[in-house]
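Basis for what follows: all heavy atoms, side chains included, without hydrogens, waters or symmetry-related copies. For ligands, and for the atoms within them, numbers begin at 1 and follow the listed sequence.
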Amino acid sequence: MKKNKTYSILFSLFVMSLSINSTVAFAQTTVQKSTTTKEITKSKLTEILEKNRTAYTKGKVADYIPELGKMDAKAIAFSVVTEKGKVISVGDTNKKFTIQSISKLIALMVAVNEKGEKNVFDKMGYYGTDKPFNHFANLESGKPLNPLMNAGAILTTSLIEGEGEVGFQKILKMIRYITKNDLIDYSKSVYESEKETGHRNRGMFYIMKNSGLIEANDEEKLNNYFKQCSIEVTAEDLAKIGYFFAHQCTRFDGDTTYKNSEISTLVQSQMLIAGMYEYSGEYARRVGLPSKSGVGGGITVAVPNKMGIGVFNPSLDTHGNSVAGYQMILDLVNEYHLNLFE
Ligand code: GLN
């Protein structure tokens with residue numbers, strides 16, 4: 001009997017030691033996975049870009065805003081800001097295009113900085129969507145679904161304090177800060193084109209004015225939304241924006257003036273659930289990273305605590321996302337195992 005008990009104690013100790021060993025082994029593989037991102041090289045980015053150079057033929061340049069239709073469907077650029085803040089860009093790196101919906105991230109940041117998250121989200125939801133970006137969704141009977149579809153974004157911009165152009169200027173200033181590029185400005189011709197043809201957006205603005213969500217007396221707040229969409233950037237600027245939100249609002253050169261992990265967590269969570277419009281769910285399955293696209297053909301991606309990615313090609317799929325841009329992101333994510341859920 002006594003002998004049996006001794007055996008059973010010894011056996012238990014043996015099993016315990018096994019399980020401790022396997023815990024240690026598990027911890028080691030976990031640590032290994034998160035620290036061993038291979039170094040991103042310019043030649044790798046070039047290889048991925050060349051592979052997707054002709055993907056533009058599978059999409060169409062947006063022309064519902066007539067000025068956008070003038071974009072060169074073949075222009076393509078790919079940029080990464082690495083973990084250490086190094087910028088690597090290939091393709092048409094100097095090619096400017098309008099930021100469009102990606103500006104909604106910055107407007108959200110500015111509005112939440114001023115009003116606090118609660119006051120902003122009292123007026124809109126944290127919901128994802130199966131509807132296109134310009135859908136009225138439940139606006140007629142309730143509040144905009146989220147701050148990244150047009151309705152919520154127009155409302156977000158209208159919440160930024162200041163008369164006339166002030167709200168827009170705050171957004172522009174923040175984009176210039178994040179990209180460290182004071183030359184960034186908006187395209188007057190795209191702005192005029194958006195203003196002239198943005199009847200759906202104007203419709204949303206007035207429904208929200210009717211329900212008391214928007215207090216503005218005139219259309220200046222709506223004009224600020226059109227202006228923010230018309231800000232011109234490069235793929236490199238987008239990579240810097242992605243990096244900023246991936247690093248608790250720290251700029252790519254290490255500047256921490258706006259460091260705020262509450263804001264970066266909020267913005268990235270919205271990017272994940274609504275950043276690619278109604279494609280967001282499937283995109284999360286395939287890419288698994290917070291991302292935001294715009295109908296100008298840009299996409300910005302935040303790889304949390306690691307890097308920022310910016311892509312550009314103006315040919316869009318049916319959801320309004322850049323076809324080649326999406327493919328380049330997917331190839332990079334697979335090559336470097338960047339999917340958060342992998
Ligand atoms: N300015 C565009 C619009 O309001 C932005 C839409 C987008 O990029 N998805 O229609």
Side-chain angles (χ1 to χ4, degrees), residues 59-71 96-108 124 128-137 139 144-158 167-168 171-172 175 186-208 214 219 221-233 235 237-238 241-242 267 270-271 273-280 283 291-301 310-323 325-326:
K60 195 175 164 299
V61 177
D63 56 7
Y64 75 102
I65 299 168
E67 272 301 297
L68 291 185
K70 296 182 181 166
M71 288 301 287
K96 285 189 199 161
F97 51 92
T98 51
I99 189 167
Q100 296 296 337
S101 279
I102 302 166
S103 65
K104 295 168 181 173
L105 305 178
I106 317 298
L108 178 60
M124 64 187 81
T129 182
D130 63 341
K131 302 284 187 293
F133 61 85
N134 59 359
H135 201 274
F136 282 69
L139 211 54
L145 290 176
N146 60 58
L148 298 188
M149 290 168 73
N150 286 11
I154 292 167
L155 177 53
T156 302
T157 296
S158 83
F168 161 71
I171 295 169
L172 179 63
I175 293 178
Y186 74 105
S187 155
K188 311 273 179 306
S189 57
V190 174
Y191 164 62
E192 290 298 339
S193 192
E194 296 226 14
K195 196 172 155 178
E196 239 167 71
T197 58
H199 307 305
R200 281 188 75 88
N201 290 332
R202 192 164 287 110
M204 289 174 196
F205 179 82
Y206 280 104
I207 290 181
M208 290 189 282
I214 288 182
E219 288 191 17
K221 301 276 187 188
L222 178 64
N223 291 342
N224 282 342
Y225 169 77
F226 290 139
K227 274 185 196 160
Q228 76 180 56
C229 288
S230 310
I231 292 173
E232 290 184 305
V233 291
D237 295 323
L238 294 187
I241 292 173
V267 171
Q270 280 297 309
M271 290 165 80
I273 60 123
M276 306 298 282
Y277 320 121
E278 73 276 24
Y279 190 64
S280 301
Y283 182 91
S291 305
K292 181 77 207 85
S293 65
V295 290
I299 306 176
T300 184
V301 185
V311 292
F312 163 64
N313 174 259
S315 184
L316 309 179
D317 64 18
T318 51
H319 312 290
N321 300 323
S322 169
V323 179
Y326 169 56

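Partners of T98 by side chain to side chain donor-acceptor pair (under 3.5 Å), not counting sequence neighbours, listed by chain and number: Q100. Scored by the side-chain contact (heavy atoms from CB on, under 4.5 Å) test, S280 finds M276 as partners (sequence neighbours excluded).
Identified under the side-chain hydrogen bond (donor to acceptor under 3.5 Å, both in side chains) test for residues 128-137, with sequence neighbours left out: none.
For the residue pair L238 and G310, the shortest heavy atom distance occurs at CB-CA, 3.9 Å.
By the 30° and 60° cut-offs, the orientation of the rings of Y326 relative to Y279 is perpendicular.
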Could you pull out the N/O contacts under 3.5 angstrom between ligand 1 and the surrounding protein atoms?
unit_1, atom_1, unit_2, atom_2, d
ligand 1, 1 (N), Q100, OE1, 2.6
ligand 1, 1 (N), E194, OE1, 2.8
ligand 1, 1 (N), E194, OE2, 3.3
ligand 1, 4 (O), N150, ND2, 3.1
ligand 1, 4 (O), N201, ND2, 2.9
ligand 1, 4 (O), Y225, OH, 2.8
ligand 1, 8 (O), S101, N, 3.1
ligand 1, 8 (O), S101, OG, 2.7
ligand 1, 8 (O), Y277, OH, 3.4
ligand 1, 8 (O), V295, N, 2.9
ligand 1, 9 (N), S101, OG, 2.9
ligand 1, 9 (N), Y277, OH, 2.6
ligand 1, 10 (O), Y64, OH, 2.6
ligand 1, 10 (O), N150, ND2, 3.4

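Side-chain rings of Y186 and F168 approach one another, their centers coming within less than 6.0 Å.
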